[in-house]
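A note on names: the letters A, B, ... follow the listed sequences, proteins ahead of strands, and every chain is numbered from 1.
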Amino acid sequence: MGDILEELFAKFSRLRIFKARELLLPDYVPEELPHRGEQIGQLATVLSPAISGSRPPNVFIYGLTGTGKTAVTKYVLKRFSAKVSDRVITSYINCRLCNTNYRVLSELARSVDRPVPFTGLSTSEVLMRFVNGLEAKGKLMIVVLDEIDWLVKNSGDAVLYHLTRLNSELSRSKLSLIGITNDLKFMEYLDPRIKSGLGEEELLFPPYTNKELEDILRIRAEMALNNGVLEEGVIPLCAAIAARQNGDCRLALDLLLKAADIAEREGAVKVTEHHVRRAQREIEKNLVIDAIRSMPLHVKLVLLSITILNRKGNQAKVTTGEIFNKYRELCDNLGVGEVTQRRVSEIISELDMLGIINARIVSFGRYGRTKIIRLAVSPRSVVEGLKTDLSISPLLDTISTS
DNA sequence: AATCCACAGGAAGTGCTGGGCG
DNA sequence: CGCCCAGCACTTCCTGTGGATT
């Protein structure tokens, strides 16, 4: 009898937390973007020549993660293309997903109805098809290259170079670029010729303040959640955590979503600060685990070596050399071929950049110069991320028992 | 002041995959 | 079919370097 009531209650409260969960998902672009009016105005002004059919200048947008760069750009573009869809083609490309010259170009070719196989052709061939496709359309094309730094770091700036000077080759059509990055130093290591072409206009997105984040969360919570399901301190806490992370609005919304998810899963009637804390931990952990799962075998093995050495309690002296030795031992155990120390060194740098480990260069004078490496995440997360890989899970068993 | 360790990290190349094209 | 392409993980060879020791 009590069980039935409990079940009913749980079901009932599940309905109670969310009104429209999808409004909290990260790819949802809301109708209004609070506290970004200025940026919307600036971008719209820059793009306004498109209305009369002339070419807007290329724009370069920078600002930290979650400052609304992508949302504002999509928002403005959506408004524009609704107005002038007969003259303008827009294409949004996320360079983290399309992180090679070839993939960017094939994406562009696709948006001018010249689909291209995902491999096999030379990049210049794809560029030609794109240009022909665009010329056939005879329209203005606005291309958004989001997270453009990923493209350049991965594949160099060849495509950017071509795209910035493409207009001189086009007769019937025009091309405008919008580059977005959260790497504030990105412009510095760009070829000067591209820099001047891409940065005809520049927009800087400042981080959201604590107050602004709270405001955004309130508005969104009102739409996505039912009345009164949030405990008093929940929104301020989400905002405060996100404000510390450079005013990252995406994180703020994700925290709220995950906290509400947890509350709902538990059948709780209200979302509490405790749920937010747990959401925070879960987000961090999932980020790490997902990153580990998609790593190549030898990266995993190096990471495991680091984890073992860190756990053995010989703190403050885990060096590249030691990791390499441990790594070779693991390879021997598995009967797998080893990679060179050069590669291991590179893997260590990659893991450092991902924030999974901390590496700092130290010199022991006579006794050489190396890196000291420390695990920056919990060993449990590492094990969690590694254990789905059947080829190395045998190693995990021997480690946890010893 | 010179030496020399234990690497860092750049440049160029290899071998393989998974696909074109004619 | 043979040849070409891009991308990736990796190798080979390399030059560079902070600072304790000689």
Side-chain angles (χ1 to χ4, degrees), chain A residues 93-110 114-133 145 147-163 185 188-191 291-306 309 314 316-332 334-354 356-374 386 389 391-392:
Chain A
I93 297 174
N94 186 324
C95 298
R96 195 192 294 231
L97 306 173
C98 294
N99 61 352
T100 65
N101 288 333
Y102 186 93
R103 288 211 259 272
V104 167
L105 285 174
S106 67
E107 190 59 31
L108 288 176
R110 209 176 53 81
R114 293 287 164 94
V116 142
F118 73 89
T119 174
L121 300 181
S122 76
T123 31
S124 50
E125 170 66 24
V126 183
L127 178 63
M128 250 175 56
R129 292 195 191 186
F130 164 60
V131 171
N132 290 339
L145 296 170
E147 309 199 67
I148 195 169
D149 44 323
W150 281 75
L151 173 66
V152 175
K153 278 172 196 158
N154 235 292
S155 271
D157 49 18
V159 161
L160 244 45
Y161 179 70
H162 286 300
L163 289 181
K185 281 180 290 181
E188 286 171 27
Y189 54 73
L190 214 55
D191 186 305
I292 293 173
R293 283 207 178 121
S294 59
M295 285 170 179
L297 174 66
H298 293 283
V299 181
K300 288 177 177 170
L301 289 173
V302 170
L303 178 59
L304 181 56
S305 309
I306 296 169
L309 290 173
N314 48 356
K317 54 177 294 204
V318 180
T319 64
T320 302
E322 280 182 58
I323 291 168
F324 186 52
N325 289 337
K326 190 76 196 173
Y327 159 78
R328 296 174 83 167
E329 197 184 301
L330 295 183
C331 285
D332 197 42
L334 287 180
V336 186
E338 303 159 7
V339 300
T340 55
Q341 177 153 345
R342 175 70 186 86
R343 175 65 186 143
V344 169
S345 163
E346 205 157 69
I347 289 172
I348 288 171
S349 297
E350 287 168 21
L351 290 171
D352 188 25
M353 281 208 290
L354 285 170
I356 290 174
I357 63 173
N358 287 324
R360 66 173 218 282
I361 302 171
V362 285
S363 176
F364 295 120
R366 197 72 230 267
Y367 306 104
R369 202 163 168 267
T370 181
K371 271 181 171 169
I372 284 191
I373 291 104
R374 204 163 38 80
L386 291 178
D389 192 326
S391 59
I392 53 175

Selection from B/dG20, C/dT21, C/dG16 that lies nearest to any side-chain heavy atom of A/P117 | B/dG20
Do A/N358 and A/I372 have side chains that get closer than 4.5 Å, going by heavy atoms?
-> no
Round to a whole Å and report the spacing from CZ of A/R343 to P of B/dA8.
-> 14 Å
So what does A/E350 hit on the nucleic acid, given a heavy-atom distance under 4.0 Å: a base, only sugar-phosphate, or nothing?
-> nothing
Phosphate contact (C/dA20 OP1 or OP2) by A/R366 side-chain N/O below 4.0 Å = no
Phosphate-side-chain proximity, A/R342 and B/dG13, N/O vs OP1/OP2 below 4.0 Å = no
Indicate, with a heavy-atom threshold strictly under 4.0 Å, whether A/R360 touches base, sugar-phosphate, or nothing.
-> nothing
Look only at the side chain of A/S155 and the backbone of A/L151, and say whether a donor-acceptor pair between them is shorter than 3.5 Å.
-> no
Donor on one side chain, acceptor on other, A/K371 and A/S345, under 3.5 Å = no
Between A/E346 and A/T320, which has a closest nucleotide on DNA chain B that is more 5'?
-> A/T320
Determine: side-chain N/O of A/S349 to OP1/OP2 of B/dG9, distance under 4.0 Å, yes or no.
-> yes
Between C/dT11 atom P and A/E338 atom CD, what is the distance in whole Å?
-> 10 Å
Between the main-chain N or O of A/V339 and the side-chain N or O of A/Y327, is there a donor-acceptor pair closer than 3.5 Å?
-> yes
With the side chain of A/I361 defined as its heavy atoms from C-beta on, choose the nearest nucleotide among C/dT12, B/dA8, B/dG20.
-> B/dA8
Which nucleotide in the set C/dG19, C/dT11, C/dA6 lies at the smallest distance from any side-chain heavy atom of A/S363?
-> C/dG19
Could you check how far CG of A/N101 sits from C1' of C/dA6, rounded to whole Å?
-> 10 Å
Nearest-angstrom distance from the residue atom CG of A/L351 to P of B/dG9 = 14 Å
Do A/N94 and A/W150 touch side chain to side chain, with heavy atoms closer than 4.5 Å?
-> no
Could you tell me whether A/K153 and A/E147 make a salt bridge, using a distance below 4.0 angstrom between a side-chain N and a carboxylate O?
-> no
Report which part of the nucleic acid A/E125 touches: base, sugar-phosphate, or nothing (heavy-atom distance under 4.0 Å, all strands).
-> nothing
Whole-Å distance, A/M295 CE to C/dC8 P, equals 16 Å
What is the distance, rounded to the nearest whole Å, between atom OH of A/Y102 and atom C1' of B/dT17?
-> 15 Å
Under 4.0 Å between a side-chain N or O of A/T100 and OP1 or OP2 of C/dG7?
-> yes
Give a yes/no on whether any side-chain N or O of A/S345 is located under 4.0 angstrom from OP1 or OP2 of B/dA8.
-> yes
Determine: side-chain N/O of A/K371 to OP1/OP2 of B/dG9, distance under 4.0 Å, yes or no.
-> yes
Roughly how many Å is it from CG in A/L127 to C1' in C/dC5, rounded to a whole number?
-> 15 Å
A/H298 side chain near C/dC10 phosphate (N/O to OP1/OP2, under 4.0 Å) | yes
What's the CD1-P distance between A/I347 and C/dA9, to the nearest Å?
-> 10 Å
Donor-acceptor pair present, A/T119 side chain and B/dG20 base, under 3.5 Å | no
